[in-house]
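The structure appears below as C-alpha cells.
The sequence lines fix the lettering, A, B, ..., with proteins before strands; numbering per chain opens at 1. Quantities reported herein were computed from a predicted structural model and do not represent experimental measurements.
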Amino acid sequence: MGIRQAVGIVMLVASLIVLAYAFYLGAVKGMIGCERLSAQLLVETGNKTVTCTIPGPLVCDKKGVDAFSAKMMALKGKTPPSSCNARGVVKNVKIVRKPVDSLEADMVVAAWMGLIVGPWLAFGETPTTVGRARG
Amino acid sequence: MAIPLAVIVVPTLLAYIVGYWAYGRAVIERRIVRASPSRPTPAYTKFDGVDYVPANKWVLYGHHFASIAGAGPIIGPALASAYGWFLPLLWVIFGNLFIGAVHDYLALMASVRHGGISIMSVAESVMGRRARYAFLLYVWGALILVIAAFLSVAATVYAAVSPNAATKAVIYMPIALLLGYLMYRTGLGLKTSTAIAVVLAILGYLYSLQVPLNLPYQTWVYVLMLYSFIAAALPVWYLLQPRDYLNAYLLWAFVGASALAALLALDLPLKQPAIINWVAPAATIGGVGAIAKKPLAPFWPSIVLIIACGSLSGFHSVVASGTTSKQLANEMDALLVGYGAMLTEGAVSTLAVIAPIAVAWDRVATIPKALGKFVVAYGTLFGLSLGRLGLNASTIAFAAEVFAAIALTTFVLTTLDTANRLARFAWSEMMDFLAEKHQTLYKVLTNRWVASAISVILGGFMALQTIGGIPAWRIVWPAFAGTNQLLAALALMTSALWVYVILRVRGWLAATVLAPAVFLWVTVTAALGYWLVVILPHIPPVFQIGAGSVAAISFALDLFLFYAFVKRLTTARREALAERRVETRA
C-alpha cells in the first residue's frame with residue numbers, strides 16, 4: 001500500500017467517524033454548530049412604532065433556541081424591558097438567529113472535504129468500467 | 001367564461017412531444033447534423049479517465065440537466081408574469097423548440113465533431129482565430145462572475161436562509177460518491193445503484209429537515225471555494241456526474257409532480273389574464289429607484305433578458321460543449337441529452353411556474369418577490385389539485401411549498417462547481433497559444449489543479465470583496481442577463497456557420513438554424529442597446545460603472561463577432577454558388 005492510498009484510507013475512515021458522531025449529536029441536540037440569538041421587538045409608542053433589539057445568548061442546541069424564543073414571545077402585548085428605552089406595547093417579536101463559527105461545525109465541513117478527497121486518494125484510479133458506458 | 005388550465009397544459013405537452021420527434025429528431029438530428037451511431041465520440045477517442053469519459057445516456061441526461069438547471073427557469077417566468085400568462089408561455093414554447101433546444105443540441109454536436117473542444121474554440125474553424133480568443137476570454141470572464149455570484153448565493157442560502165439545506169448538501173455528496181462507486185466499481189448496474197442512492201438521499205432529506213448546520217457567511221464562502229476547487233479538478237465520473245444524475249431525480253420529481261397536479265385539474269380556471277400588458281415595469285429588467293415601477297420593459301426585446309434558462313440560455317452551450325460533449329458515448333444520445341434536457345427545462349417553466357401562477361393569480365399577484373410568487377403558486381396548485389382526491393389541501397400546499405424551496409436550493413451548488421470546471425476548460429483552451437513556444441509554462445498554467453484554483457480564487461475575491469459596502473460581483477451582476485443571452489446568440493451563430501460551412505447544409509434546412517440565429521442576435525442586440533440607453537442611466541453610479549462597463553464590452557464584442565459571422569457566411573455563400581455553377585456546367 002502506497003503513502004497516497006494510506007493517507008486516503010485514514011482520511012476516509014476519520015471523516016466517516018467525525019460525520020457519524022456529528023450527525024448523532026445533531027439529532028440529539030437538534031442542530032449542528034451554534035447561533036447567536038437576538039430578538040427584534042416592534043414597540044408601539046403612542047403614535048409611532050420603534051424597533052429595539054434585545055441581545056440573546058449563544059446557543060448550541062434547539063432547547064436553547066426554544067427557551068429564548070418562548071421568553072421573548074411572552075413579551076408580546078406587554079411593556080418592553082428597560083434595555084429597550086421605549087415606553088409602549090410590544091406588537092411583534094422576531095427572533096434573529098445568526099450562525100457563528102464553532103469547532104463542531106468546522107469539523108463537519110472538514111470531514112466533508114475528507115470524505116470527498118479521501119476515497120479518491122485511496123481508490124482514485126479510473127476503474128475499467130468507466131471506459132465503456134453501461135446501462 | 002373562465003379559461004381552464006387545460007389551455008396551458010395540453011398545448012405545452014403536445015408541443016414538446018411533437019416537437020421533439022417531428023422537429024428535433026426528424027429535422028435537426030437526422031437531416032441537418034446527420035448523427036451517426038457508428039462514429040466514435042471524443043469520450044472514447046480521447047478517453048483520459050478525468051474529463052473524457054463515456055457515460056450512460058440517462059446518467060448524462062441527468063448530469064447535463066442538473067448542470068443547466070438553476071433558478072433561471074423559475075425566476076424568469078415568475079418575473080414575466082407581469083405580462084400575463086400568454087406571452088411568457090409563447091416565448092418559452094417557441095423559444096425552446098426552435099432556438100434554445102436547437103442551440104444546446106448543436107453546441108453539443110459541434111463540440112463532439114471537433115474532438116470535445118468548447119463552442120468558443122469551434123468558432124475558430126468558422127470565424128477565425130481572433131473570434132475564438134475573443135469568445136473564450138468573454139466566456140471565461142462570464143464564468144468567473146457566475147462563480148462569484150453562486151459562491152455568494154450559496155453561502156447566503158446556507159448561512160441565513162436555510163441552514164437545513166447546508167446539512168442536506170453535506171449528506172448528499174457522500175451519497176453521490178457512493179453512487180459513482182456502486183455504478184463503476186461493483187457489478188450492481190445502474191438501476192440497483194440508483195435505487196440505493198435515492199433511498200439514502202430521501203433519508204438524508206428527512207434528517208436535514210430536522211437538523212440545521214450553522215456556519216457564518218464568510219466561512220461558507222471559503223468552504224465552498226475549497227469545495228469547487230476540488231470538485232472541478234477531480235475526475236468527472238467520481239463526483240460531478242453521479243451527483244448531478246442523482247440531483248436530476250429531484251428535478252424530474254419536481255417537473256413530474258407539476259405535470260401530474262396539472263393533469264388532475266385541467267378544468268381549474270385561470271385567474272390571471274392572458275395578457276396584462278405588452279410593457280412591464282422596468283424592475284423586470286433591473287430598473288431600480290424612481291423608474292422601477294414605470295412601464296419601460298416592452299415584451300420584445302426585453303423578454304430575452306427576463307426569461308433565460310426556461311427558453312434559451314448561453315450558459316447551456318458552454319455546459320453542452322464543455323463537460324457534456326466529453327462524456328457523450330454515442331452521437332444518437334445527443335438528442336435526448338442536448339435537445340431533450342432543454343425541453344425538460346422548458347417544462348419546468350411552463351408546468352411548474354407559468355401554470356401555477358396563472359391558477360393562483362388572485363393569491364400571488366401582489367407578492368413583490370418572484371420567488372415568493374412561485375413558491376405560493378406552486379403550493380396552491382397542488383393544494384387545489386390533490387385536494388380533489390380527498391387529501392387535506394392546506395397540508396398538501398405547505399408540503400409542496402417546502403419541496404419547491406428544497407429543489408431550488410439544490411441547484412445552487414451544482415451550478416457552482418460546474419461553472420468552475422467550465423472556467424478551467426476555457427482557461428486551458430485560451431492558453432494554448434503558449435503550447436508551442438513555452439511548453440513548461442503552458443503545462444503549469446493548464447494543469448487542472450492550477451487552472452481550477454485560478455478561477456475559484458478570482459471568483460472568491462469578487463464574492464468577498466466589497467465596494468462601498470456592496471459585494472463586487474453585485475456591482476456587475478445587472479449586466480449578466482445580457483451577457484448570458486449574448487453568449488447564446490454568439491454560440492448559435494457559430495453553430496449555424498458550422499452547419500452551413502462544415503456540414504454543408506443548404507436551402508430551407510440551413511434556414512432552420514440561420515434564421516433563429518439572426519433573430520436571436522437582433523433581439524439580444526436590441527435588448528442590450530435598450531438596457532444601456534434606457535435603464536443604465538437610472539441605476540446608482542457604482543452599478544453604472546460596473547454593470548455598464550460589462551454591458552458596453554458585451555456590445556462591442558457582439559458587433560465584432562456579428563461582423564465575423566456575416567463575413568464568413570457571405571464567403572461561404574459565394575463558394576456554394578460557385579460550386580453549384582461548376583456542377584451545373586459539368
[X] side, atom [atom1]; [Y] side, atom [atom2] - distance, nearest 0.5 Å:
X        : Y        : atom1 : atom2 : result
B/Asn214 : A/Arg36  : CG    : CZ    : 13.0 Å
B/Ile171 : A/Leu19  : CD1   : CG    : 9.0 Å
B/Leu226 : A/Met113 : CG    : CE    : 4.5 Å
B/Tyr217 : A/Lys98  : OH    : NZ    : 13.0 Å
A/Lys62  : B/Gln210 : NZ    : CD    : 8.0 Å

**Asked** Once the angle between the rings of A/Trp112 and B/Tyr227 is folded into 0 to 90°, is it parallel (under 30°), tilted (30 to 60°) or perpendicular (over 60°)?
**Response** parallel
**Request:** Just do the side chain to side chain contact (heavy atoms under 4.5 Å, CB included) check on B/Thr219 and A/Val109 with the steps written out, would you?
**Result:** CA-CA 10 Å; B/Thr219 305; A/Val109 290; 5.7 Å; no
Please indicate whether [X] has more than 12 foreign heavy atoms, meaning atoms of other residues, nucleotides or ligands, lying under 6.0 Å from its [atom1].
X        : atom1 : answer
A/Lys71  : NZ    : no
B/Tyr205 : OH    : yes
B/Leu206 : CG    : yes
A/Gln5   : CD    : yes
B/Trp58  : CH2   : no
A/Met107 : CE    : no

**Request:** Would you mind checking which part of A/Ala27 comes under 4.5 Å of any heavy atom in chain B, side chain (CB onward), backbone (N, CA, C, O), both or neither?
**Result:**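 Interface part for A/Ala27: both.
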Tell me the closest heavy-atom pair linking [X] and [Y], and the distance in Å.
X        : Y        : answer
B/Tyr238 : A/Trp120 : OH-N, 2.8 Å
B/Leu177 : A/Ile116 : CD1-CA, 3.7 Å
B/Pro216 : A/Pro99  : CB-O, 3.7 Å
B/Leu213 : A/Ala105 : CD1-CB, 4.0 Å

Name the member of [options] that forms the most heavy-atom pairs with chain B at distances under 4.5 Å.
options                              : value
A/Cys60, A/Ala111, A/Gly26, A/Ser102 : A/Gly26
A/Cys34, A/Ala22, A/Ser15            : A/Cys34
A/Val100, A/Val108, A/Val117         : A/Val100

**Prompt:** With a 4.5 Å heavy-atom cut-off, do B/Val170 and A/Ile32 have their side chains touching?
**Reply:** no
**Item:** Interface moiety of B/Tyr207 toward chain A, non-hydrogen atoms closer than 4.5 Å
**Value:** side chain
**Prompt:** Between B/Val59, B/Leu239, B/Leu234, B/Asn164, which shows the greatest number of heavy-atom pairs under 4.5 Å with chain A?
**Reply:**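 Maximum pair count with chain A is reached by B/Leu234.
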